[in-house]
**Q** 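So that we are looking at the same thing, I have put the structure below in structure tokens.
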Amino acid sequence: MQFFKDLSPPAFTAGFVAVLVGFTSSVAIVFQAALAFHATPEMIASWMWALGIGMGLCTVLPSLWLKKPVMVAWSTPGAAVLATAGATGGFSMAEAVGAFMACAGLITVAGATGWFERVMNRIPVALAAALLAGVLARFGLSGFGAAQTALPLVLVMLLAYLVGKRQWPRYAVPLTLVIAIVFVAATTGFTRADIALGITTPVLVRPEFTFSALVSLALPLFIVTMASQNLPGVAAIQACGYGDRRAQGGDAGIPISPIITLTGVATLLLAPFGAFALNLSAITAAICMGPEAHADPKKRYTAAVSCGALYVVIGIFGAAITGVLTAFPTELVAAIAGLALLGTIGGALTSALQHEPHREAAVITFLVTLSGVVVAGVGSAFWGVVAGALALLVQNLGRSTLLRKTD
């Protein structure tokens, strides 16, 4: 099989790091969201099953078909919205499932009609790259910020990465991860984890559709998923060279609309078991689409397939695998994510700043996105693009006026 010929240790490591970062950075928020709707332990395990199976299959199948790294994740800001709205105690799990299905229907329409992709295609490459750089830079800052609480670990990891980058550049991240695990095992040890062995049994919840759940749950979930997840997800695809405008090798890029439609349909099917919202990934996509995953861009799809396969395993053995992943120290996860994203952050900044007419607008986009500001419940990724687009609009209007006066 061609996949196994193309697979390399760095690609598999990139997939593992993506899973590690994706789960440990936000699984607690997903748990909070489930508990907000009075989920039982069996229901929480079912949520992990549905999300793992959904993310895994939506990542593996299109990646193998297209031979490009298609990355799908759950909506972390969406989980935060659900946890906040559900905390009022006014919604049952059945109403929540109904809201998940309504949101999935809206996502499917957004993908099938192609309107979201048309909007994204109107955003200049410089702004898309600046958006991605702003999203990823926060993880880079967190990686080095981990030195505040685990200075020896971060220093060892940085040294291992720099030496590996010089001597064995393709294996720098795998080497750093192995050394970090050994260092933690020999010093502080791993966090105590409650690991329950066994295959997860999905729990079906019949949906209940109410107007209040549609307004308070479904619509906010849809808005933040599209603005705070799919928007930077498309930016990651474009900035890493897999968009239609700059596809690797000159061939067609990743088809955005069909993938978004796929995430909507998958969410619709898996929502009764706990899949609240699936969407394009940005952070984990950058890990699997970047140069650290594979030197050959045409073989980076193997990193995405590895990531997706691990998601499926997590879904099947949800409770046990989640316990293992959460046993990793938060500083190790933050540092390995920051180091794995260095190449992609550098590439995105280069792309954002190289075109002088768009440079100032790109810097504004980068800074607003990096700020993490949340307005009206919508995250900084959306507002970064809005601010950059407004800056570009004002600049262009100014140039048009100046040209008319000169004439």
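One-based numbering along the sequence shown. Fair warning: this is a prediction, and the values are worked out from it, not measured in the lab. Because only heavy atoms are used, hydrogens play no part in the values below, and waters and symmetry mates are left out as well, while side chains stay in.
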**Q** Do you see a donor-acceptor pair shorter than 3.5 Å between the side chains of E331 and T149?
**A** yes
**Q** Does atom CD of Q148 have more than 12 heavy-atom neighbours, drawn from other residues, nucleotides or ligands, at distances under 6.0 Å?
**A**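 Check fails, neighbour count at 12 or below.
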**Q** Using the rule side-chain contact (heavy atoms from CB on, under 4.5 Å), only one of L20, V17, V19 pairs with C307; which is it?
**A** V19
**Q** Roughly how far apart are T176 OG1 and I181 CD1, rounded to 0.5 Å?
**A** 11.0 Å
**Q** Which atoms form the tightest heavy-atom contact between A282 and L136, and what is the distance?
**A** O-CD2, 4.3 Å
**Q** Hey, is the main chain of D296 close enough, under 3.5 Å, to the side chain of H294 for a donor-acceptor pair?
**A**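 Looks like yes, one N/O pair under 3.5 Å.
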**Q** Whether the side chain of T59 engages the backbone of M55 through a donor-acceptor N/O pair (distance < 3.5 Å, no angle test) should be reported.
**A**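 Such a contact is found between T59 side chain and M55 backbone.
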**Q** Going from CD on E42 to OG1 on T200, what distance comes out if it is rounded to the nearest 0.5 angstrom?
**A** 11.0 Å
**Q** Can you name the closest pair of heavy atoms from G388 and A361 and give their distance?
**A**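 Minimum heavy-atom contact is O-CB, 3.5 Å.
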**Q** Using atom types as modelled and distance alone, determine if a side-chain donor or acceptor of T284 lies under 3.5 Å from a backbone N or O of S281.
**A**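 Between the backbone of S281 and the side chain of T284 there is no qualifying donor-acceptor contact (under 3.5 Å).
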**Q** With side-chain hydrogen bond (donor to acceptor under 3.5 Å, both in side chains) as the rule and sequence neighbours excluded, what pairs involving residues 1-15 come up?
**A** Q2-D6, D6-Y301
**Q** Quick check against the 3.5 Å criterion: does T261 have a side-chain atom that pairs as donor or acceptor with the backbone of A112?
**A**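 At least one qualifying donor-acceptor pair exists.
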**Q** Do F37 and M43 pass the side chain to side chain contact (heavy atoms under 4.5 Å, CB included) test, and can you show the C-alpha distance, the side-chain angles, and the key distance before you say yes or no?
**A** CA-CA 10 Å; F37 300 111; M43 287 181 179; over 6 Å; no
**Q** Any heavy-atom pair between the side chains of I107 and F222 that's under 4.5 Å?
**A** yes
**Q** Under a plain distance cut-off of 3.5 Å, with no hydrogens placed, do E292 and Y171 share a side-chain donor-acceptor pair?
**A** no
**Q** So F100 and W47, would you call those rings parallel, tilted or perpendicular, with 30° and 60° as cut-offs?
**A**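 Judged by the thresholds at 30° and 60°, the geometry between F100 and W47 is perpendicular.
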**Q** Start with the C-alpha gap between M226 and L231, add the side-chain angles, then the distance that decides, and say whether side chain to side chain contact (heavy atoms under 4.5 Å, CB included) holds.
**A** CA-CA 6 Å; M226 299 303 292; L231 183 67; over 6 Å; no
**Q** Where the side chain of S216 meets the backbone of A213, is there a donor-acceptor pair that is under 3.5 Å apart?
**A**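 A pair under 3.5 Å: no.
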**Q** State, with a plain yes or no, whether a side-chain heavy atom of L332 is found less than 4.5 Å away from one of L177.
**A**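 Yes. Closest side-chain heavy atoms under 4.5 Å.
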**Q** Of all the heavy-atom pairs spanning P329 and V184, show the shortest one and how long it is.
**A**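 Of all heavy-atom pairs spanning P329 and V184, the closest is CG-CG1, 3.7 Å.
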**Q** Kindly indicate whether the side chain of I336, heavy atoms from C-beta on, has any atom under 4.5 Å from the side chain of M157.
**A**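 Result yes, sub-4.5 Å side-chain heavy-atom pair found.
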**Q** Counting C-beta onward and ignoring hydrogens, is there a side-chain heavy-atom pair between F12 and P174 closer than 4.5 Å?
**A**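 Side chain of F12 against side chain of P174, heavy atoms only: no contact under 4.5 Å found.
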**Q** Is a side-chain N or O of Y242 found less than 3.5 angstrom from the main chain of P297, in a donor-acceptor match?
**A** yes
**Q** Using a 3.5 Å distance criterion without hydrogens, assess whether the side chain of R300 forms a donor-acceptor pair with backbone atoms of A293.
**A**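 Looks like no, no N/O pair under 3.5 Å.
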**Q** Is the shortest heavy-atom distance from the side chain of E356 to the side chain of R359 under 4.5 Å?
**A** yes
**Q** Which atom names give the shortest non-hydrogen contact between S46 and V203, and what distance separates them?
**A** OG-N, 2.9 Å
**Q** Answer whether the closest heavy-atom distance between the side chains of V385 and L127 falls below 4.5 Å.
**A** no
**Q** Mind running side chain to side chain contact (heavy atoms under 4.5 Å, CB included) on L370 and L141 for me, showing each step along the way?
**A** CA-CA 10 Å; L370 181 61; L141 291 173; 4.0 Å; yes
**Q** Examine distances only and state if a side-chain atom of T365 and a backbone atom of L131 form a donor-acceptor pair shorter than 3.5 Å.
**A**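 Answer holds: no.
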**Q** Check the pair N279, V72 against side chain to side chain contact (heavy atoms under 4.5 Å, CB included), reporting the backbone distance first and the verdict last.
**A** CA-CA 5 Å; N279 48 249; V72 171; over 6 Å; no
**Q** Do S75 and Q229 meet the criterion of a side-chain donor-acceptor pair at a distance under 3.5 Å?
**A** no
**Q** State which residues pass ring pair (Phe, Tyr, Trp, His ring centres under 6.0 Å) with W49; sequence neighbours excluded, sorted by chain then number.
**A**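 For W49 the ring pair (Phe, Tyr, Trp, His ring centres under 6.0 Å) partners, ignoring immediate neighbours, are F273.
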**Q** Does N121 reach the side chain of Q238, with side-chain heavy atoms less than 4.5 Å apart?
**A**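 Touching, per the 4.5 Å side-chain cut-off.
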**Q** If I take atom CG from residue L153 and atom OG1 from residue T187, how far apart are they, to the nearest 0.5 angstrom?
**A**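 The OG1 atom of T187 is 7.0 Å from CG of L153, to the nearest 0.5 Å.
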**Q** Mind checking the OG-CH2 spacing from S257 to W115? Nearest 0.5 Å is all I need.
**A**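 Answer for the OG-CH2 pair, S257 versus W115, is 10.0 Å.
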**Q** Is a side-chain donor or acceptor of S380 paired with a backbone partner of T369 at a separation under 3.5 angstrom?
**A** yes
**Q** Quick one: CG on L214 to CG on L219, what's the gap to the nearest 0.5 Å?
**A**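 The CG atom of L219 is 5.0 Å from CG of L214, to the nearest 0.5 Å.
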**Q** On a heavy-atom basis, which atom in A96 and which in L217 lie closest, and how many Å separate them?
**A** CA-CD1, 4.1 Å
**Q** For a quick test of reading the model, state the closest non-hydrogen atom pair linking I179 to A160 and the distance between them.
**A** CD1-CB, 3.7 Å
**Q** For residues 264-275, which residue pairs qualify under side-chain hydrogen bond (donor to acceptor under 3.5 Å, both in side chains), counting only residues two or more places apart or in two chains?
**A** none
**Q** Could you check if a side-chain atom of V30 sits within less than 4.5 angstrom of a side-chain atom of M48, using non-hydrogen atoms only?
**A** yes
**Q** Which of these, N230, L280, L278, sits in a side-chain contact (heavy atoms from CB on, under 4.5 Å) with T225?
**A**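 So, applying the side-chain contact (heavy atoms from CB on, under 4.5 Å) to T225 and each of N230, L280, L278, only N230 qualifies.
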